[in-house]
Amino acid sequence: MAFDFGLRQIGVATGNCVLATCQPLTVLNARDGIPDWVAVEKLVKEWQPDVLVVGLPLNMDGSESELSRRAKKFARRLHGRLGLPVEMADERLSSFEAKSQQREQGHRGDYKARPVDSEAAALILNTWLAERERSY
């Protein structure tokens with residue numbers, strides 16, 4: 001299960017390591033980066049993932065930003081609350097790519113009404129799965 005961390009919204013996607021498939025799941029509302037933990041726990045209980053992947057929003061030069069530090073904090077909280085392994089995955093341009101793909105499918109650009117954060121989470125998970133596959 002992957003998370004596209006944001007301060008107001010957190011995209012969630014799920015995937016299958018064996019089939020190397022990913023699908024957008026939902027977008028959770030967050031307040032200053034803090035989600036409804038009951039909703040997170042419910043998703044994890046329903047989907048029973050083996051690992052949680054959190055997108056790490058690095059700057060284009062690879063340096064960390066305040067948002068990347070907040071994403072790491074979110075990842076530590078996930079691990080602490082759920083006891084599952086959590087891995088970070090470089091997510092540079094995932095939101096940009098998700099928006100681009102959605103525009104090609106007719107999205108009108110109102111990302112508040114129709115967020116693409118779960119699609120970005122699926123891209124993050126897909127990248128993580130591909131990197132994992134290459135390392136074997």
Side-chain angles (χ1 to χ4, degrees):
M1 180 174 281
F3 298 87
D4 177 34
F5 176 78
L7 298 178
R8 290 180 299 229
Q9 297 178 144
I10 298 171
V12 185
T14 189
N16 183 306
C17 292
V18 175
L19 300 174
T21 58
C22 303
Q23 66 183 27
L25 200 55
T26 191
V27 176
L28 300 171
N29 289 323
R31 182 176 216 147
D32 196 28
I34 300 170
D36 174 356
W37 287 107
V38 173
V40 174
E41 290 166 3
K42 183 178 175 183
L43 284 171
V44 169
K45 184 177 181 181
E46 179 182 350
W47 289 93
Q48 300 182 14
D50 295 324
V51 65
L52 305 175
V53 178
V54 176
L56 182 60
L58 297 171
N59 293 320
M60 290 308 291
D61 66 1
S63 64
E64 287 196 12
S65 65
E66 178 58 30
L67 192 57
S68 56
R69 286 185 281 281
R70 300 279 302 268
K72 285 182 173 182
K73 184 176 182 179
F74 172 72
R76 288 191 303 274
R77 286 181 172 168
L78 278 173
H79 176 70
R81 286 177 172 268
L82 303 171
L84 290 169
V86 179
E87 295 195 21
M88 302 301 294
D90 186 344
E91 68 146 276
R92 280 179 275 192
L93 299 178
S94 64
S95 294
F96 176 81
E97 187 176 341
K99 287 177 181 178
S100 177
Q101 288 178 0
Q102 289 301 302
R103 276 193 303 274
E104 288 175 11
Q105 295 176 11
H107 197 291
R108 303 231 184 247
D110 184 0
Y111 299 110
K112 286 187 179 186
R114 289 187 51 217
V116 296
D117 303 88
S118 61
E119 285 85 0
L123 290 170
I124 292 165
L125 187 54
N126 193 41
T127 300
W128 181 83
L129 286 171
E131 289 174 0
R132 189 172 181 266
E133 182 67 28
R134 279 194 295 270
S135 68
Y136 285 109

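Values below: all heavy atoms of this structure, side chains included; hydrogens, waters and symmetry mates excluded.
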| field | Minimum heavy-atom distance Leu84-His79, with the two atoms named | value | O-ND1, 2.7 Å
Report, one line per pair, each donor and acceptor closer than 3.5 Å where one atom sits in a side chain of residues 15-30; sequence neighbours left out.
| from | atom 1 | to | atom 2 | distance (Å) |
| --- | --- | --- | --- | --- |
| Asn16 | OD1 | Val18 | N | 2.8 |
| Asn16 | OD1 | Leu19 | N | 2.9 |

| After noting the C-alpha distance and the side-chain angles of Phe5 and Leu56, does the key distance pass the side chain to side chain contact (heavy atoms under 4.5 Å, CB included) rule? | CA-CA 8 Å; Phe5 176 78; Leu56 182 60; over 6 Å; no
| Check: Pro49 and Val44 side chains under 4.5 Å, non-hydrogen atoms | yes
| said: Between Leu82 and Val40, does the side chain to side chain contact (heavy atoms under 4.5 Å, CB included) criterion hold? Intermediate values first, please. | reply: CA-CA 9 Å; Leu82 303 171; Val40 174; 4.2 Å; yes
| request: Take Glu64 and Leu58, measure what side chain to side chain contact (heavy atoms under 4.5 Å, CB included) needs, and give me the verdict at the end. | output: CA-CA 5 Å; Glu64 287 196 12; Leu58 297 171; 3.9 Å; yes
| task | Could you walk me through whether Asp32 and Arg70 pass side chain to side chain contact (heavy atoms under 4.5 Å, CB included), step by step? | result | CA-CA 10 Å; Asp32 196 28; Arg70 300 279 302 268; 3.1 Å; yes
| query | Within the distance-only criterion (no hydrogens, no angle test), does the side chain of Arg77 pair as donor or acceptor with the backbone N or O of Ile34 below 3.5 angstrom? | reply | no
| remark: Between Ala121 and Ala2, the two heavy atoms sitting closest are O-CB, 3.5 Å
| task | Report yes if the side chains of Leu67 and Leu7 come closer than 4.5 Å at any heavy-atom pair, otherwise no. | result | yes
| Nearest 0.5 Å, what's the CD-CZ distance between Glu91 and Phe3? | 13.5 Å
| note | Residue pairs meeting side-chain hydrogen bond (donor to acceptor under 3.5 Å, both in side chains), one or both in residues 35-57, sequence neighbours left out, come to none
| query | Donor-acceptor pair, Thr127 side chain versus Leu123 backbone, under 3.5 Å? | reply | yes
| message | Would you say that Ile10 contacts Asp117 through its side chain, given a criterion of any heavy-atom pair below 4.5 Å between the two side chains? | response | no
| If we only count heavy atoms from C-beta on, is the Val54 to Leu78 side-chain gap below 4.5 Å? | yes
